[in-house]
Structure formats: C-alpha cells, structure tokens
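Starting off with a structure, shown below.
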Amino acid sequence: MSKVELDQLRGRVDELNLELLKLINERAQLVQEIGRAKETQGVYRYDPVRERSMLDLIKEHNDGPFENSTIDHIFKEIFKAGLDLQKDDHSKALLVSRKKKAEDTIVNVKGELIGNGIPHFVFGPCAVESYEQTATVAKAVKEKGLRLLRGGAYKPRTSPYDFQGLGLEGLKILKRVADEFDMAVISEIVNPADIETACQYIDVIQIGARNMQNFELLKAAGAVNKPVLLKRGIAATIEEFINAAEYIMAQGNGQIILCERGIRTYERATRNTLDISAVPILKKETHLPVLVDVTHSTGRRDLLLPAAKAALAIGADGVMAEVHPDPAVALSDAAQQMNLDQFDEFYNELKAFAYARV
Ligand code: PEP
Ligand code: MN
C-alpha cells in the first residue's frame, strides 16, 4: 500500500471517529432527557430489562468483524457512561460537598462559632454519672474560658452488662449544668424517638461511631433545628462518613460538625487508629467543620497531647477529649480520661501550641 493510500484510510478513520463521537454524544443527550423524565415520574433509572433488549437488538444486527462478546463489552461501556451521566446531578454535588457550597459552614452553638478558623475545644466526662461529677468538670472547663461541655447520657456500650448511662436523667443534669455555668452541652442520642425530647435539654446532638449508619437516626437528627456532631463509624470509609452527613443535611439540617475518632485497623498499640489525613480530606471534600476526638481514637492518655497538636496542625477546627474528676472510678472509659490536673497540663500546652499558630 502506498503512503497516499494509507493516509487516505487514516483520514477515513478520523472521519469515522468524529462521526462516532457525534453519535455517542447525541445518544447521551437522549439518555439525559430520558433520565429527567424518569426523575419526574420517580422511576428508578437503571432498567436491566431494557438494557438486555438493547443489547440483543444490537447483536442481532452484528455482521462483524467484531465478535458479539466484544460488541457486548463496547456497548455496555456506552450504557454505563449514560447512566453515570444521569447520576451526576446527585453524586457529583452532595449538599455537604464543596462543589455545592464553596464557603466554610460555621456552626453556631450558643454563640460558639465552630469552623470560624479559631480552634474550639470540647471537653467533659465520657458519661454523666451525677450532678456533682458533671458540675466539677464543667467548672474546670469554664475556668479555662471554654464553653463547650460533653457528657454521655445514653452510652452505647460493647457489653449489655456495662453502665448504659443515666438516660433522660443525664440530659437533665446536663441542662442544669449548662444553665448554671452558661455553657453549651453535647450529648449522644442513640434512638430516633429521643431526638425531639433531647432538643429541650442539649445544645448539640451527638451521633456516635456505632450509629453513623443508623439511617433513621440520621434522618431524625436532620429533621430538627439543632446542631449535630457526627462521629465517623468504627469501620467507615470517608465516603460513607460524608454520605452519613448527607442524610442529615438532606432532611434540611445543615448544622453539622464532623468528628474523626479513629477507625479499627490491625494495629493494637492504640484503641483505634487515628486517621489524621481524613481531616484535610473532609475539609477539602465538604464545607463542614471537622473536630478530632483524641480520647477514643488513641485510647491512651500519653498520646492525647501529640494527637491534639497533630489535629490542629493538619487543619482540624477543634479537638474533643474526655475529662473526669476521678478517672479511676469512672463508670466508662476509666483508662483514658484525664483527671483535672492532667487536663490543666494538657490544655495549657495545647493552647500555647494553638495560639502560636493563629
Ligand atoms: C463518645 O464520644 O462518648 C463515644 C462513645 O465515642 P464514639 O462514638 O466515637 O465511640
Ligand atoms: Mn468515652
């Protein structure tokens, strides 16, 4: 074959490529139109029966040289690309995503602006055990000029025989302490039916790691006008974590704080593995503030300070840690809560580190 003939064939291939391009884009436009029509009818987009009949029709007309299996493969890719195009409207722009909203969300918790660029700290006991115990910690936290207090009233425990929390009584103690010390209180709710009641007593609804994919709970928290602190699930990917937040926001509640609290890996030196790189990923992918819980991630008092510094250094909006007046007798997480002296030392060092950076 001469050079001229070869160039002619190549020119024809180029023409066909452009024709194919035009045709697949024309097809894509039709698919989008069908997608929009299905959306208004509330019909699920993927239709395997329709896909099968399209493939059969194509193969009936296949005179080669491509084998049917190759034709199958090529057209399935075209079908899939069309389906992805229909999905794009949703998956590419979650409500919690930066794509949807470029500016940082600032969550206002009784005047504490979480996500405003200044680090915020959430301290308090693992569980509310009594008024005295909670008030003692509240006083120590408030003396540092801090106003965010945590404390569990409903404790999701590994064993059903372990302390389960004081329940509503615990929420009442938190409310009393919040009023007396002018603080905002954060507490975990585990049952969707308790969300409404809890709103009367607490300032932030915490959804714990074990409930990150409790979709009914997420929806219930999304239906109220109260900030939500959502913790990453024990074995949740970042994508699952972001989608859990989306469940809340899809119901109308955009006041969401994400909290990285470590994930389960094969490493046993720490209680969980603090996935520190999740922080900048979450900050990049979403517009929500991100906290790091150094207590449940490390499970080790000696690692609280370095982990907290790492959290701030990598861009977290704040840190959560547990403080108890007498950790040795705490009804939960006795091994890792700080006592008041340890808390003093921890906070002084962390504050110096944080302000040296602001
Ligand atoms: C908690 O913060 O009290 C708690 C139980 O944490 P997590 O859900 O992250 O285990
Ligand atoms: Mn705890």
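Atoms within a ligand are numbered from 1 in the order they appear, just like the ligands themselves.
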Short side-chain donor-acceptor distance under 3.5 Å, Ser277 and Asp275: yes
Minimum-distance protein heavy atom relative to atom 5 (C) of ligand 1: Glu188 OE1, 3.8 Å
Crowding at CZ, Arg268 (>12 non-hydrogen neighbours, <6.0 Å): yes
Donor-acceptor pair between Asn225 and Gln255 side chains, under 3.5 angstrom: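 Yes, Gln255 and Asn225 have a side-chain donor paired with an acceptor closer than 3.5 Å.
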Nearest non-hydrogen protein atom, atom 8 (O) of ligand 1: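 Nearest protein contact, heavy atoms only, for atom 8 (O) of ligand 1 is Ala209 N, 2.8 Å.
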Qualifying residue for side-chain hydrogen bond (donor to acceptor under 3.5 Å, both in side chains) with Gln336, from His324, Arg271, His296: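 Considering His324, Arg271, His296, a side-chain hydrogen bond (donor to acceptor under 3.5 Å, both in side chains) with Gln336 is found only for Arg271.
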Numbering as shown, the atoms of ligand 1 that approach Arg261 to under 4.0 Å (heavy-atom distance):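 Listed by number with element, the hits are 7 (P), 9 (O), 10 (O).
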salt_bridge(Glu77, Lys80) N-O dist < 4.0 Å: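 No salt bridge links Glu77 with Lys80.
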Pro156-ligand 1 polar pair, N/O distance under 3.5 Å: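 Min N/O separation from ligand 1 is not below 3.5 Å for Pro156.
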Atoms of ligand 1 close to Gly208 [distance to a heavy atom under 4.0 angstrom, numbered from 1]: 8 (O)
Quiz item: cation-pi between Arg176 and Tyr131, 6.0 Å / 45°: yes
Shortest-distance N/O/S atom, Asp333 versus the Mn ion (ligand 2):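 Considering only N, O and S atoms, Asp333 comes nearest to the Mn ion (ligand 2) through OD2.
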Flag side-chain contact, heavy atom, 4.5 Å: Ile256 against Met249: yes
For the Mn ion (ligand 2): the N/O/S atom of Glu322 at shortest distance: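 Restricting Glu322 to its N, O and S atoms, the minimum distance to the Mn ion (ligand 2) goes to OE2.
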For atom 6 (O) of ligand 1, the option (of Lys231, Glu322, Arg210) bearing the nearest heavy atom: Lys231
Heavy-atom gap Gln206 to ligand 1 smaller than 4.0 Å: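 The answer is yes: ligand 1 sits under 4.0 Å from a heavy atom of Gln206.
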